[in-house]
Amino acid sequence: MASAPRGTVFQRMFARKSIAQVQRETQTSELKRTLGKWNLLLLGVGCIIGAGIFVRTGSAAALHAGPAVMLSFVVAGIVCAFAGLCYAELSSTLPVSGSAYTYSYTTLGEFVAWIMGALLLLEYGLAASVVAVGWGGYVVSLLADFGLVIPPQFTGPAGMTLMQDGAPVIVDGQTVTTIFNMPAFLICIALSGLLMLGVSESAKVNNIIVGIKVSVLVAFIAVGGLIVLSNLGELMATNWVPFIPEYDAAANNGEGAFGVDGIMRAASIVFFAYIGFEAVSTAGQEAKDPAKDMPFGILGSLIVCTVIYMLVAAIMTLLVPYGTLNVPDPVAVVVDNFGPTWGWLAKIIKVGAIIGLTSVVLVLMYAQTRIFYTMARDGLLPKVFSKVHPKYQTPYVNTALVGIITAVAAGFFDINVLGDMTSVGTLAAFAIVCLSVIYLRRNAPELPRGFKVPFYPVTPVLGILSCAYLIYTVPPSVLIFFAWFMAGMIALYFLYGLSHSNLQHGEWQDPAPDMGEFPGPVVDD
């Protein structure tokens, strides 16, 4: 057992775990290198395609970029490529399992790991809320197809004017103001209950769901493409002129309202559609030839998904005026415009979207519970969050908390605010990952690396700068909320985490076989 680290508060904040400590905690078995470049590419496509394209594309086009949202996808994909290559180097360098939280704890120290944990709450927890809102939108639309109408007051966040086809919804002469998003709230509560019971997805079931998601988009592109091509000239003249709407200082509070600024602002929104590509980088220990296969898998999957996203966005903005897409279910709005001949397909697409989004909400909530579990085991959060149910073997207390947080956020907050907070948290986390690569290159150059970021240090620096720029495009109100959130989380670290941390008290088990340590102020075993 190690002794507690001594020194100033600053030194204690940046105390780091050794590789041996993290490896011992994860208790992972030896991984076989069985994944080739095409396996990694398909893994990336399966993980990337999901909630973002079904949910956030509409608001990005309606409020900020118009048809030029297609260019926003290119910008967001490039930013993800910078971060993805940095993730790949870390995953091939550190012989540990875990998320960016673990990487930060092992490289930049405990305080940065705590910050990363707070950012992951936004990336996973609030992302689940965003997807739940989108799920609710598709459910409401599908039920309406069968004549089942949920009272509109219970289909949106508190205090928002309900919109349809770009205009306020009026019932009995009164504009409808939403009170509570009941479908989004209920799906979060239901899935948290399933997670407490230990429900998990097998690889086979997950593959089926991925197949459904991809098939839905392929069907949308195929049928929508045929409709577009049959009347391309008229549709382009009606909905694509101008392709880049002129900047409008009066619209959307003047922040990122069309023009080039709008394209960049929309990039921070559709960035949400790429969340999940980190899964490729976490497979670095299983790649047959990491130096060649990792960049192929990461860049290849980003290129494929960007092309798919651009096709979907093109069909969306050609078939309906972009101003009507500021809804939680933009794909549903567009398929409803396919015409009565395709009514059956519209229902199938909506069902497929609902199935896919259900899976995404479940996985995101699962990921968040495991982040809380890991932080509680490290002593940074109360031990109750790592308490496992004696029968179901799940961290039921923190799962219940995650369910409540995501349900309340989905039920009462606007999807655009939730999405912006998710994107800001994720972009900040990616910037820290890029910084970690620079730190390790400078302080541990001798560590074996299965993959190295190309064009170092340009790539990680561009990753940091591009993430910072997209954060800058987010509305000031969201950034202020983000600042208060982070201030509260930092205060919580000093009030609880610093004094209860296992690392600070040296509470570790017997040493594992030596795997080498980083130079610098790492806490010894």
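Every value quoted in this text rests on a predicted model; they were computed, and no experiment measured them.
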*Worked verdict on Val424 versus Leu122 for side chain to side chain contact (heavy atoms under 4.5 Å, CB included)*: CA-CA 8 Å; Val424 169; Leu122 301 179; 5.6 Å; no
*Could you tell me the separation between the CG atom of Leu142 and the CD1 atom of Ile354, rounded to the nearest 0.5 Å?*
4.5 Å
_Side-chain (Thr406) to main-chain (Ser129) donor-acceptor, under 3.5 angstrom_ = no
*Can you label the angle between the Tyr101 ring and the Tyr105 ring as parallel, tilted or perpendicular, going by 30° and 60°?*
perpendicular
_Side chain to side chain, Leu319 and Leu235, heavy atoms closer than 4.5 Å_ = yes
*For the student: nearest non-hydrogen atoms of Gly403 and Ile189, plus distance*: O-CD1, 4.1 Å
*In a check of side chain to side chain contact (heavy atoms under 4.5 Å, CB included) between Leu217 and each of Ile212, Ile308, Ile349, which one passes?*
Ile308
_Arg56 side, atom CZ; Ser268 side, atom OG - distance, nearest 0.5 Å_ = 8.0 Å
*Taking all non-hydrogen atoms of both residues, which atom of Pro67 and which atom of Asn239 are closest, and how far apart?*
CG-O, 3.6 Å
*For residues Ala273 and Tyr309, report the shortest heavy-atom separation together with the two atoms involved.*
O-OH, 2.8 Å
*If you look at every heavy atom in Met421 and Phe482, which pair is closest and at what distance?*
CE-CA, 4.0 Å
_Measuring only between side-chain heavy atoms, which start at C-beta, is Met264 closer than 4.5 Å to Tyr472?_
no
_Atom pair CZ/CH2 of Phe220 and Trp342 - distance to nearest 0.5 Å_ = 13.0 Å
*What are the two closest heavy atoms between Phe385 and Pro395, and how far apart are they?*
O-CB, 4.1 Å
*Supply the atom-to-atom distance Cys434 SG to Tyr87 OH, rounded to the nearest 0.5 angstrom.*
9.0 Å
*Verify, without hydrogens or angle tests, whether Asn337 (side chain) and Val333 (backbone) share a donor-acceptor contact under 3.5 angstrom.*
yes
_Does the plane of the ring in Phe54 sit parallel, tilted or perpendicular to the ring in Tyr138? Use 30° and 60° as the thresholds._
perpendicular
*Measure from the ring center of Phe271 to the ring center of Phe430 and say whether it is less than 6.0 Å.*
yes
*Any side-chain heavy atom of Val228 sitting closer than 4.5 Å to one from Met236?*
no
*Ser192 side chain to Thr399 main-chain N or O, any donor-acceptor pair under 3.5 Å?*
no
*Side chain of Tyr274, backbone of Ala81: donor and acceptor closer than 3.5 Å?*
no
*asked:* Using side-chain heavy atoms (C-beta onward) and a distance below 4.5 Å, is Ile227 in contact with Leu318?
replied: no
*Would Leu120 and Glu123 satisfy side chain to side chain contact (heavy atoms under 4.5 Å, CB included), going step by step from the backbone distance to the final call?*
CA-CA 5 Å; Leu120 292 177; Glu123 179 175 353; 3.3 Å; yes
*Considering only heavy atoms from C-beta outward, does the side chain of Val437 approach that of Thr459 to under 4.5 Å?*
no
*Report yes or no: does Ser436 contribute a side-chain atom to a donor-acceptor pair with the main-chain N or O of Ile432 at less than 3.5 Å?*
yes
*For the atom pair CG (Asp293) and CZ (Phe451), what is the distance rounded to the nearest 0.5 Å?*
10.5 Å
*If we only count heavy atoms from C-beta on, is the Arg265 to Leu63 side-chain gap below 4.5 Å?*
no
*Between atom OG1 of Thr473 and atom NE2 of His64, what is the distance when rounded to the nearest 0.5 Å?*
9.0 Å
*asked:* The test is side chain to side chain contact (heavy atoms under 4.5 Å, CB included); show your working for Val335 and Leu345 and say whether it passes.
replied: CA-CA 8 Å; Val335 297; Leu345 179 63; over 6 Å; no
*What are the two closest non-hydrogen atoms of Gly134 and Val55, and how far apart are they?*
CA-CG2, 3.8 Å
*Given side chain to side chain contact (heavy atoms under 4.5 Å, CB included), test Phe372 with Leu121 step by step and report yes or no.*
CA-CA 9 Å; Phe372 278 169; Leu121 173 58; 3.9 Å; yes
*Which word best sums up how the rings of Trp240 and Phe243 line up, parallel for under 30°, tilted for 30 to 60°, or perpendicular for over 60°?*
perpendicular
*Please examine the side chains of Leu108 and Met116, heavy atoms only from C-beta on, and report whether any two atoms are closer than 4.5 Å.*
no
_Results of salt bridge (charged side-chain N to carboxylate O under 4.0 Å, His left out) for Arg449 - residues two or more places apart only_ = Glu89
*Any salt bridge (charged side-chain N to carboxylate O under 4.0 Å, His left out) pairs touching residues 349-372, not counting sequence neighbours?*
Asp145-Lys350, Asp336-Lys350
*Would you check if Asp329 and Val139 make a side-chain contact, meaning some heavy-atom pair closer than 4.5 Å?*
no
